[in-house]
Amino acid sequence: MAFRFRFATLLNVRRIQENLAQQALSQAQRQLSSLVAMREQVMIRKETLRAELMTRMQGGVTSEEVRQYYTYLHHLEEGIARIDENIEKAGRLVDEKREALLKAKRARKGIDRLREIHKARHDEIERKHEMNFLDEIAVIKAGGER
């Protein structure tokens, strides 16, 4: 008799839940890394503008141009602050998704362990049936030789 796990559907559901949790974690990690890359780009732009302003100030620049540079640099700094807030939120989201994945893995492993236990019990019963069958064959064979 073939082994049939009574909770196979539940095991499949837990595997699907684990897979979905893994996908959600991956998406959250991608979002976090894109925010970090965006922050780096803005930082590079800010430093480039600072260097450009310093270079232009040595050659002479109007006060209106300096004001425009400082306004834009301030705008970039505010953008960096907003990106930092989003990075912090994305980091918390990654942590939540990681916890959800760990919870889903534990749930799936629990059902996997139950399946292993049921499989071991089934194998033991099958082994006992086989041994009884072999014993019966031996008894019949010994009885026929008399």
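The structure presented is a predicted model; accordingly, all values stated were derived computationally and were not measured. Numbering of residues begins at 1 and proceeds along the displayed sequence.
A search for side chain to side chain contact (heavy atoms under 4.5 Å, CB included) contacts involving Arg4 returns nothing, not counting sequence neighbours. Contacts of Ala100 classified as side chain to side chain contact (heavy atoms under 4.5 Å, CB included), with partners at least two apart in sequence or in another chain: none. Partners of Glu52 according to the side chain to side chain contact (heavy atoms under 4.5 Å, CB included) rule, which considers only residues two or more places apart in sequence or in another chain, are Leu49, Arg56, Tyr69. Listed by chain and number, the residues in a side chain to side chain donor-acceptor pair (under 3.5 Å) with Glu77 are Arg50 (sequence neighbours excluded). Partners of Lys109 under the side chain to side chain donor-acceptor pair (under 3.5 Å) rule, at least two apart in sequence or in another chain, do not exist in this structure. Qualifying side chain to side chain donor-acceptor pair (under 3.5 Å) partners for Arg67, counting only residues two or more places apart in sequence or in other chains: Glu64. Evaluation of the side chain to side chain contact (heavy atoms under 4.5 Å, CB included) rule for Asp112 yields Leu11, Arg15, Arg108 as partners, not counting sequence neighbours.
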Between side-chain atoms of residues 22-32 and protein atoms elsewhere (two or more places apart, or another chain), which donor-acceptor pairs fall under 3.5 Å?
| from | atom 1 | to | atom 2 | distance (Å) |
| --- | --- | --- | --- | --- |
| Gln23 | NE2 | Asn19 | OD1 | 3.4 |
| Ser26 | OG | Gln22 | O | 3.1 |

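For the pair Met54/Gln58, no side-chain contact is recorded, criterion being any heavy-atom separation below 4.5 Å from C-beta on. For the pair Glu85 and Glu88, the minimum side-chain heavy-atom distance is 4.5 Å or more.
Linking Ile, Leu, Val, Met, Phe, Trp and Tyr residues whenever their side-chain heavy atoms come within less than 4.5 Å leaves Ile16 and Phe7 in two separate clusters. Val66 and Leu73 fall within the same hydrophobic cluster, where Ile, Leu, Val, Met, Phe, Trp and Tyr residues are linked whenever their side-chain heavy atoms come under 4.5 Å apart, directly or through other members. No path of Ile, Leu, Val, Met, Phe, Trp and Tyr side chains, each step under 4.5 Å between heavy atoms, connects Ile111 with Leu102, placing them in separate hydrophobic clusters. Both Tyr70 and Val42 are members of a single hydrophobic cluster when ILVMFWY side chains are connected at heavy-atom separations under 4.5 Å. Follow the hydrophobic side-chain contacts under 4.5 Å out from Leu76 and you reach Leu53 in the same cluster.
Connectivity analysis of hydrophobic side chains (ILVMFWY, heavy atoms under 4.5 Å, direct or indirect) links Ile137 to Phe133.
Sequence neighbours left out, the pairs with a member in residues 92-123 that pass ring-ring contact (aromatic ring centres under 6.0 Å, His included) are Phe3-His122, Phe5-His118. Under the side-chain hydrogen bond (donor to acceptor under 3.5 Å, both in side chains) criterion, the residue pairs touching residues 33-46 are Arg39-Asp84, with sequence neighbours excluded. Screening residues 96-107 for side-chain hydrogen bond (donor to acceptor under 3.5 Å, both in side chains), with sequence neighbours left out, gives Asp95-Arg98.
With values rounded to the nearest 0.5 angstrom, Arg115 atom CZ is found 13.0 Å from Leu10 atom CG.
Contact record, Thr48 with Ile44: OG1-O, 2.7 Å, taken as the closest heavy-atom pair. Considering all non-hydrogen atoms of both residues, Leu35 and Ile83 come closest at O-CG2, 3.7 Å.
Between Arg127 and Asp123 there is no salt bridge, since none of the side-chain N atoms of the basic residue sits less than 4.0 Å from a carboxylate O of the acidic one.
For NZ of Lys119, the number of neighbouring non-hydrogen atoms (other residues, nucleotides, ligands) closer than 6.0 Å is greater than 12.
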